[in-house]
Number of protein chains: 2
Amino acid sequence: MTQVRNRRPTSPKQAAACCRPIDDRLDPGLFKALSDPTRVLLLACLAKCGRPSTVSEVAECCAVDLSVVSRHLALLADAGVLDARKEGRTVWYHVRYEEISQRLRALADAIEECVQTRARRSAGGTGCCPKTR
Amino acid sequence: MTQVRNRRPTSPKQAAACCRPIDDRLDPGLFKALSDPTRVLLLACLAKCGRPSTVSEVAECCAVDLSVVSRHLALLADAGVLDARKEGRTVWYHVRYEEISQRLRALADAIEECVQTRARRSAGGTGCCPKTR
DNA sequence: CGTATACTTGCATTATGACGCAAGTACGAA
DNA sequence: TTCGTACTTGCGTCATAATGCAAGTATACG
């Protein structure tokens, strides 16, 4: 494939060979965690409540089985959305507010960077690095 | 269920009855669109390329069938991530940079609002409205 | 008109994931 | 050590969705 280094890619195919902040920030893992309605409902309840809550407490928010809630919360924690702290037999989950908002803002920045790159690039920008993954 | 109006919810269950900006901004539809690796790859290529591209062009970015790419792009357009413009037999897709970054920032704001609410609330805040959906 | 191009749609296959139930684990209390 | 609480895990079922191929539609071009 033609390597493009110091020019903006002129086609999507060329763009595929370029790495930009958006490549790291556009993480399907995070979005997969937020793509299920039940999970999002649980997350919203936790977020609005504001304090760490147990699995049982969160399970009262909706009609699904406790085991389902347990799995959803564990998945959200895996994705970096929640933080889990075990205390005896109870587990306290709380929202990683800063983590989430920072990741979202970083992605927003990365997306806007793609627009601004055109101007910067033509003025002698940072170039397009080869894709390494 | 106990309705909580002018206090911060003290449990996730109470929180479920409260509506906040996060309820509207945490839209599973958007995240579902961004949860598939192939779709994210196509989106990144389009974003980095910067100009509107055709289905065929985008399809050169990865090894999946053209029909698959066609479906992915249509889905991303449905989710508000891409904009589609038909011109003769070709369809030009381009990234809605502003739309996406604004939605992400709005969600980041809504998440942080959940943290700040505690202080505002105890000083006589806006209250907790009943859930209407 | 016929043909090529650009994309979409139907359909079957396969993979992934959500869910509930039941059983299991871990911990605390009596 | 026995029981109850809090959660996790195994497993079967069902629904959703990703994919490729083939056929279909729409448009341009000669």
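Letters A, B, ... are given to chains in the order of the sequence lines, protein chains preceding strands, and every chain is numbered from 1.
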When every non-hydrogen atom of Ala33(B) is compared with those of Leu76(B), the smallest separation belongs to O-CD2, 3.8 Å

With hydrophobic residues grouped by side-chain heavy-atom distances under 4.5 Å, do Phe31(B) and Leu75(B) end up in a single group? no

Can you check the Leu66(B) CG to dA22(D) P distance for me, whole Å? 15 Å

note: Leu73(A), atom CG; dA6(D), atom P; distance rounded to Å ~ 15 Å

Measure from the side chain of Thr90(A), starting at C-beta and using heavy atoms only, and say which of dG20(D), dA6(D), dA18(D) lies closest. dA6(D)

How would you label the contact of Lys86(A) with the nucleic acid (heavy atoms, under 4.0 Å): base, sugar-phosphate, or nothing? nothing

Within the structure, does a side-chain N or O atom of Lys32(A) lie under 4.0 Å from either OP1 or OP2 of dT16(C)? no

Give a yes/no on whether any side-chain N or O of Ser70(B) is located under 4.0 angstrom from OP1 or OP2 of dA6(C). no

Figure out the CG/P separation between Asp65(B) and dC11(C), and round it to whole Å. 18 Å

Just verifying a value: how many Å separate Leu46(B) CG and Leu41(B) CG, rounded to the nearest 0.5 Å? 10.0 Å

Atom CZ of Arg89(B) to atom P of dA26(D): distance rounded to whole Å? 15 Å

Ignoring backbone atoms, establish whether His72(B) has a side-chain N or O less than 4.0 Å from OP1 or OP2 of dT19(D). yes

Rounded to the nearest 0.5 Å, what separates atom CG in Leu107(B) from atom CD1 in Ile111(B)? 4.0 Å

Less than 3.5 Å between a donor and an acceptor, one on the side chain of Arg71(A) and one on the base of dG17(C), is that the case here? no

Between dT19(D), dC7(D), dC7(C), which nucleotide has the shortest distance from any of its atoms to the side chain of Asp36(B)? dT19(D)

Determine whether a donor-acceptor pair (N or O, by modelled atom type, separation under 3.5 Å) exists between the side chain of Tyr93(A) and the backbone of Leu43(A). no

When the C1' atoms of the five terminal pairs at each end define the local axes, what inter-axis angle does the helix from dC1(C)-dG30(D) to dA30(C)-dT1(D) show, to 10 degrees? 20°

Backbone N or O of Arg20(A) within a donor-acceptor pair of the Lys48(B) side chain at under 3.5 Å? no

Does the dC21(C) base have a donor-acceptor partner in the side chain of Ser67(A) within less than 3.5 Å? yes

Leu42(B) atom CG is separated from dT19(D) atom C1', nearest whole Å, by 13 Å

Does Arg39(A) have a side-chain nitrogen or oxygen under 4.0 Å from the phosphate oxygens OP1 or OP2 of dA18(C)? yes

Please report, rounded to the nearest Å, how far the P atom of dC7(C) is from the CD atom of Glu60(B). 11 Å

Whole-Å distance separating the CD atom of Glu87(B) from the C1' atom of dA6(C): 13 Å

Nearest-Å distance for atom pair CD/P, residues Glu57(B) and dT5(C): 16 Å

Measure from the side-chain N and O atoms of Ser53(B) to the backbone N and O of Arg51(B), and report whether any donor-acceptor pair falls under 3.5 Å. yes

